[in-house]
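A note on names: the letters A, B, ... follow the listed sequences, proteins ahead of strands, and every chain is numbered from 1. Nothing here was measured: the structure is a model prediction, and the numbers come from that model. These numbers come from the heavy atoms of this one structure, side chains and all, not from hydrogens, waters or symmetry mates.
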Amino acid sequence: MKAIIHDLGTEQNMRLRAAADLVICADGRYAPCQGCFRCWTRHPAACVLKDELREVCRVLGMCEDMTVVTANLYGGYSPAVKNLLDRSIGLSTPLSTYRGGQMHHTLRYGRKGRFHVIAYGTFTEAEKQALRLMAESNAVNMGFREHSVAFCADAEEAGGQA
Amino acid sequence: MMSGTVLINCSPKRRLSASGFLARCAAGLIRGEKRVLQLRTPADHPAILEAIRTAEKVVFVTPLYVDSLPSHVLPFMQKMEACCRENRLRLKVYAIANNGFIEGRQNEPLMRVMENFCARSGLTWCGGLGIGGGVMLNVERIMLTVLLGLTALNVVLRAAQGESPWEPLRSFAVSAGELLLLACGIIALMLRLAYHVNRGTDAGKRYTRIMVPSFLFILFADIFFTVVSVLQGGIFRGWLSRLKPTGGCEPAVSGKQ
């Protein structure tokens with residue numbers, strides 16, 4: 001299964017549905033992560049915040065490949081996309097291991113395929129480098145075997161590449 | 001006249017956060033006028049933006065969430081960028097980031113985001129400190145505070161019974177010494193960062209950690225989360241299982257059939 005997480009708005013959902021089994025629109029309406037770790041210690045893989053992202057990590061856990069379509073913000077993800085990723089740490093368990101030569105949490109849903117980031121907007125060279133490092137770090141963190149980053153001038157082009 | 005330092009505690013937790021503790025420690029080391037303000041919700045934005053208008057330096061003290069800043073901090077940074085450009089503010093910006101993993105270097109992507117934020121906002125990036133083992137540091141200092149209370153109680157009870165108070169005091173001193181030893185890298189680099197903040201100079205990027213071998217740190221972390229998960233019941237609810245969606249609260253999902 002392939003998942004697409006995007007901040008392109010609901011109108012792009014129709015187009016993206018043809019490209020993936022799962023399309024999640026990060027629309028910025030969701031509460032941010034509270035950092036309580038209860039998605040590990042109280043209700044595994046479920047957030048204490050009872051909104052629509054409550055079990056998003058269980059949904060993403062079913063997917064082999066993940067594509068993130070995001071506006072560039074200082075060489076990172078947009079607030080809406082980052083919010084969704086912050087709320088997804090139940091993809092891992094509270095136990096730790098070594099992965100990529102560093103400490104990381106063990107994976108609840110096992111190793112995965114490809115993590116692809118499509119960033120759009122204007123970029124400085126430093127922001128492009130930061131996004132490459134961010135994608136690499138996220139891929140190791142979430143257990144993806146491969147990662148890649150593409151840069152697009154605008155949301156239209158980014159949606160087309162997803 | 002621009003003066004003083006604003007320390008922004010970016011933890012979403014109301015209290016007992018590692019970032020809040022580090023912000024208070026840093027404030028204690030920084031000279032002159034300083035304020036520690038918490039950034040939890042959009043309602044906190046106006047007060048912080050007002051404070052930075054007259055400040056000379058800003059220190060972001062933040063946890064690391066999924067290799068970067070927590071999502072609730074990003075809209076504030078966008079507002080701060082607009083505010084700084086509009087008012088031609090020339091702040092010096094520092095960052096103290098802490099993560100739960102042992103390697104402080106895992107804060108590197110966050111530091112780059114901070115640097116790019118400063119470049120976009122016309123501010124001067126003056127470097128930061130990335131701390132590994134922030135959760136462990138926080139747990140240790142909370143336990144030490146509790147131990148201090150128990151020691152004081154023990155001393156009073158012993159004094160009432162005419163016994164020597166030295167044994168509980170010695171025990172507390174050993175525990176405090178152990179924490180100082182574990183945190184010696186953090187303490188040294190916090191002092192160094194504070195020195196640069198006081199002088200308004202570039203501190204560069206530095207990374208440190210709790211001084212425990214990583215395999216021991218992982219063992220401690222696993223024990224900690226196991227105990228908490230037993231107490232909170234998660235261990236009996238599919239703790240490590242590949243749990244499937246129950247269908248009750250799924251996000252606005254669509255996909256090809």
Is chain A contacted by the side chain of B/Phe224, its backbone, both, or neither, given a heavy-atom distance below 4.5 Å? neither
Max heavy-atom pair count under 4.5 Å with chain B, selected residue of A/Leu85, A/Thr93, A/Asn138, A/Thr97: A/Asn138
Part of B/Leu69 lying under 4.5 Å from any heavy atom of chain A: backbone
Examine whether an atom of A/Tyr77 lies under 4.5 Å from a heavy atom of chain B, and if so say whether it belongs to the side chain, the backbone or both; otherwise answer neither. backbone
Winner by heavy-atom pair count (cut-off under 4.5 Å) against chain A, out of B/Ile218, B/Leu219, B/Val230: B/Ile218
A/Met66 side chain near A/Lys112 side chain, heavy-atom distance below 4.5 Å: no
Between A/Pro32, A/Gly76, A/Gly35, A/Cys57, the one whose heavy-atom pairs under 4.5 Å with chain B are most numerous: A/Gly35
Do NZ/NE/NH1/NH2 and the carboxylate oxygens of B/Arg85 and B/Glu81 come within less than 4.0 Å? yes
Taking everything shown except A/Arg99 itself, do over 12 heavy atoms lie less than 6.0 Å from its CZ? yes
Honestly, the part of B/Met111 sitting under 4.5 Å from a heavy atom of chain A is neither
Where does B/Gln78 contact chain A at under 4.5 Å (heavy atoms): side chain, backbone, both or neither? both
Heavy atoms only, distances under 4.5 angstrom: which of B/His72, B/Lys244, B/Gln106, B/Arg112 has the most pairs with chain A? Name it, please. B/Gln106
Per-residue tally against chain B (heavy atom, under 4.5 Å) across A/Gln34, A/Met103, A/Glu127 peaks at A/Met103
Which class fits the ring pair B/Phe225 and A/His105: parallel under 30°, tilted 30 to 60°, perpendicular over 60°? perpendicular
Relative to chain B, which of A/Ala130, A/Cys33, A/Ser137, A/Gly75 shows the most heavy atom pairs under 4.5 Å? A/Ser137
In terms of heavy-atom pairs under 4.5 Å with chain A, the winner among B/Arg242, B/Met77, B/Glu108, B/Met114 is B/Arg242
Six-ring centre of B/Phe21, B/Lys13 cation under 6.0 angstrom, axis tolerance 45°: no
Would you say B/Arg90 and B/Thr124 make side-chain contact, with heavy atoms under 4.5 Å? no
Sub-4.5 Å side-chain heavy-atom contact between A/Phe37 and B/Val228: no
Contact check, side chains of B/Phe60 and B/Met80, non-hydrogen atoms, under 4.5 Å: yes
More than 12 heavy atoms from other groups under 6.0 Å of CE on B/Met143: no
Let me know if A/Asn141 has heavy atoms under 4.5 Å from chain B in its side chain, its backbone, both or neither. side chain
For the pair A/Arg15 and A/Glu156, find out whether any cationic side-chain nitrogen is under 4.0 Å from an anionic carboxylate oxygen. yes
With B/Leu137 as reference, evaluate B/Leu22, B/Asn98, B/Leu182, B/Ile142 under the side chain to side chain contact (heavy atoms under 4.5 Å, CB included) test and give the passing residue. B/Leu22
Of all of B/Ser68, B/Gly233, B/Pro75, which one pairs up most often with chain A through heavy atoms under 4.5 Å apart? B/Ser68
Which portion of B/Ser241 sits near chain A, non-hydrogen atoms under 4.5 angstrom: backbone
Which bit of B/Arg237 comes within less than 4.5 Å of chain A, counting heavy atoms only: side chain, backbone, both or neither? both
Taking every heavy-atom pair that is under 4.5 Å apart, which of B/Ser11, B/Ser71, B/Pro63, B/Ala221 has the most such pairs with chain A? B/Ser71
Region of A/Leu95 that comes under 4.5 Å of a non-hydrogen atom in chain B: both
Please flag which part of A/Ser88 lies under 4.5 Å from any non-hydrogen atom of chain B: side chain, backbone, both or neither. neither
NZ-CG distance between A/Lys82 and B/Asp67, expressed to the nearest 0.5 angstrom: 8.0 Å
Among the listed options A/Met62, A/Arg87, A/Arg108, A/His43, the residue most often paired with chain B at heavy-atom distances under 4.5 Å: A/Arg108
Please look at A/Glu136 and chain B and tell me whether the side chain, the backbone, both or neither of the residue comes under 4.5 angstrom of a heavy atom of that chain. neither
Does any non-hydrogen side-chain atom of A/Arg38 lie less than 4.5 Å from one of B/Gln232? yes
